[in-house]
Amino acid sequence: MKKVLIWFCVFCFLGIPMAASAGTLTVHGGGDPNVIKQFMDAYPDITVYTEWDTALPEFEQAVLTEDGAIDIFIVDAPGKLKYMVVKQFVTPLDESEKLTAFSKLTYPGIRDALEKDGHLVAFALNSYAFSWTVDETLWKQYDMGEVPRTYAAFFQKLNEYDERYGTDPSAPPFYDCNGELSYLLQELTRQYILQYERPDAPLDFGTESYREALALFCDNWQLLEKYSYGNRSGDKSLLFSYSMGAAVTWLDSDKAVMLLPPALGDAAAQALCTTVSAAVIHPASRNKAEALLFIEFMAESLRKESYMAYTLYQDLDQPIRSAYYERNVKQAEDEIAVLEKKLSEAAEEDQRSIQEELDLKRAHLMAIHADDWKVHPESLQIYGQAAKTLRVPYDSLYLNTDVTTSGMNTLIPIIERFSGREPSSASMDALIREMNAAAKMLYAESN
């Protein structure tokens, strides 16, 4: 019986290092257990061990250890990948024609984060996009026109909604921002950082662009509270300041669609902030050939999966039906056939009720054909357009996925204090001064 990953986790828990040996691979940061099993079935002479990702101090220690104990690190960008690149603990993957060919098919924003000095140093395994979502069904029902592409347009739509539906107690929330007023300002600030942060100077929150957006927040905070999720009736909102996964998804019977977050200033500045999980081979690995083989295997498995792969690869342009599509169609068709036969044999007084049931079944079958997708045709189009703006903020001091080192952790308490005491133009200057002081401190500590 093959050795299984649980063994290694026991050693990790006890703090006992697991030395590398011929025919073994050690992967820090996890991995898909199904893919690992498939790999070991395909290559029975290679056993793969995994250990969980760790907090930053333990991670740094693992990276700096040059005993070859860990062959592959699975890390995030922005985040721990930057640490490995800066410390030069990465191995170029250029000798793999398969990985370099696959990498060229990824979206440019992803590829740029994983290539350094012309070399592919990490291979993308999955990604997460920090998008917004619109309940398209509700948005059209309330005749709201174009979705907002800037924060100025967002606040304009909020005021329009208030003018038209302010006296309607049944009107649903305009937006859901995780239940906190400060969260919208956090989102606005993250977008500002994505647009304006540069590696050669502290971030300046005193620009006209941030001031204008902040002034809109101050002028509209009461409306924001009035129409936020939790302060209105209903369990749905028109807009959500967070992702709901695939570009097209469903909220019960409502169609929900991915949106680019609003930009500060010009709508052309809209961008999709994205994190990427990637595989890196440690230079001290004594099993580089096996490690490369394993990453190639993961890459091929991912390409076959496609649901996650289409967020990485721009050449995947074919929709995919769900695994249950054919079964669901057959079941619906069989039920329709039974009802059609029953209708043909029914007495006249029973035909109406049978016909109504038959109409419902036919509508259900049409819904299966329209909606039963693993990757929806419209998702490909929507995500493909959004991904043209995709950015992995590799160098950001603030948008790091590691919560212990992200600069946003310094800014969030400042934003929460400001949002929690009736934000106004009078308090805006104080907020900007405090944010700029924090930005200068973070920049100094990083250089």
Side-chain angles (χ1 to χ4, degrees), residues 18-32 35-51 59 62-127 276-306 308-309 311-316 392 394:
M18 185 74 115
S21 61
T24 68
L25 280 176
T26 302
V27 182
H28 177 99
D32 186 331
V35 174
I36 291 171
K37 182 181 182 305
Q38 292 166 10
F39 177 79
M40 291 196 296
D41 287 343
Y43 299 95
D45 294 335
I46 304 174
T47 302
V48 179
Y49 297 99
T50 67
E51 61 176 37
F59 166 79
V63 171
L64 295 172
T65 301
E66 297 190 57
D67 61 0
I70 298 175
D71 301 291
I72 297 172
F73 284 80
I74 296 179
V75 291
D76 283 347
K80 292 175 178 175
L81 175 63
K82 180 180 179 180
Y83 179 84
M84 295 192 72
V85 172
V86 169
K87 297 296 184 182
Q88 299 184 352
F89 280 95
V90 292
T91 301
L93 307 176
D94 304 337
E95 66 181 77
S96 170
E97 294 182 4
K98 188 173 295 182
L99 294 183
T100 52
F102 281 160
S103 183
K104 288 175 182 177
L105 298 175
T106 60
Y107 286 101
I110 291 173
R111 192 164 61 248
D112 290 347
L114 305 184
E115 291 184 354
K116 297 301 166 192
D117 300 324
H119 296 286
L120 179 66
V121 297
F123 190 82
L125 299 175
N126 61 53
S127 69
V276 176
S277 180
V280 177
I281 298 178
H282 195 284
S285 168
R286 295 191 288 271
N287 304 295
K288 288 189 176 70
E290 292 85 351
L292 206 58
L293 184 66
F294 179 59
I295 296 175
E296 289 176 344
F297 190 90
M298 286 195 292
E300 289 180 322
S301 297
L302 175 63
R303 293 274 299 182
K304 292 174 186 175
E305 171 64 21
S306 291
M308 191 177 295
T311 67
L312 297 171
Y313 293 100
Q314 54 189 335
D315 67 310
L316 296 178
V392 179
Y394 171 82

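We use all heavy atoms of the structure for the numbers below, so side chains are in, but hydrogens, waters and symmetry mates are not.
In this structure, CG on Asn126 lies 4.5 Å from OG on Ser277, to the nearest 0.5 angstrom. Atom CD1 of Ile46 is separated from atom CZ of Phe297 by 10.5 Å, given to the nearest 0.5 angstrom. Between atom CD1 of residue Ile70 and atom OG1 of residue Thr65 there is a gap of 7.5 Å, rounded to the nearest 0.5 Å. Atom CG of Leu293 sits about 4.0 Å away from atom OH of Tyr43, to the nearest 0.5 Å. The CD1 atom of Ile110 sits 6.5 Å away from the OG1 atom of Thr311 when rounded to the nearest 0.5 Å. Atom CZ of Arg286 and atom CG of Asp67 lie 7.0 Å apart (nearest 0.5 Å).
Among all heavy-atom pairs drawn from Gly109 and Val392, the shortest one is O-CG2, 3.7 Å. The two atoms that bring Asn287 and Gly23 nearest to each other are OD1-N, 4.5 Å, heavy atoms only. Closest non-hydrogen pair, Ser301 versus Val35, comes out as OG-CG1, 4.0 Å. Considering all non-hydrogen atoms of both residues, Arg111 and Thr106 come closest at NH1-O, 2.7 Å. Taking every heavy atom of both residues into account, Ile295 and Ala279 meet most closely at CD1-CB, 3.9 Å. Closest heavy-atom contact between Gly30 and Val27: O-CG1, 3.3 Å.
Looking at heavy atoms from C-beta onward, Thr91 lies out of side-chain contact with Ser285 at the 4.5 angstrom threshold. Annotation: side chain of Leu99 is in contact with side chain of Leu292 (closest heavy-atom distance under 4.5 Å). A heavy-atom distance below 4.5 Å is found between the side chains of Tyr83 and Leu64. Side-chain contact between Ile281 and Lys288: present, with at least one pair of heavy atoms (C-beta onward) separated by less than 4.5 Å. The shortest side-chain heavy-atom distance between Val75 and Met84 falls under the 4.5 Å cut-off. Here the side chains of Lys80 and Val63 are not in contact, with every heavy-atom distance at 4.5 Å or above. Between Met40 and Val48 the shortest side-chain heavy-atom distance falls below 4.5 Å. Here the side chains of Ser103 and Glu115 are in contact, with some heavy-atom distance below 4.5 Å.
Between the side chain of His282 and the backbone N or O of Ala284, at least one donor-acceptor pair lies under 3.5 Å. The backbone N or O of Leu120 lies less than 3.5 Å from a partner atom in the side chain of Asp94, making a donor-acceptor pair.
With respect to the salt-bridge test (charged N to carboxylate O, under 4.0 angstrom), the residues Arg303 and Asp315 qualify.
Geometrically, Lys116 engages Tyr394 in a cation-pi contact, judged by NZ or CZ lying under 6.0 Å from the ring centre and within 45° of the ring axis.
Side chain to side chain, Glu296 and Ser96 meet the donor-acceptor criterion of an N or O pair below 3.5 Å. Between the side chains of Thr47 and Thr24, no donor-acceptor pair is found at a separation under 3.5 Å.
Applying side-chain contact (heavy atoms from CB on, under 4.5 Å) to Ile74 and the options Leu125, Leu81, Thr50, Val280 leaves one that passes, Leu125.
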* For side chain to side chain contact (heavy atoms under 4.5 Å, CB included), just list the numbers for Leu114 and Val121, CA-CA rounded to whole Å, side-chain angles, deciding distance to a tenth of an Å, and then say yes or no. => CA-CA 6 Å; Leu114 305 184; Val121 297; 5.6 Å; no
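Taking the six-membered ring where tryptophan is involved, the planes of Phe39 and Phe294 are perpendicular, since the angle between them exceeds 60° and thus also 30°. The aromatic rings of Phe59 and His28 lie tilted to each other, with the angle between the two planes from 30° to 60°. Using a 30° and 60° split on the angle between ring planes, Phe123 and Phe102 fall in the tilted class, from 30° to 60°.
Other residues, nucleotides and ligands contribute over 12 non-hydrogen atoms within 6.0 Å of the CD atom of Gln38.
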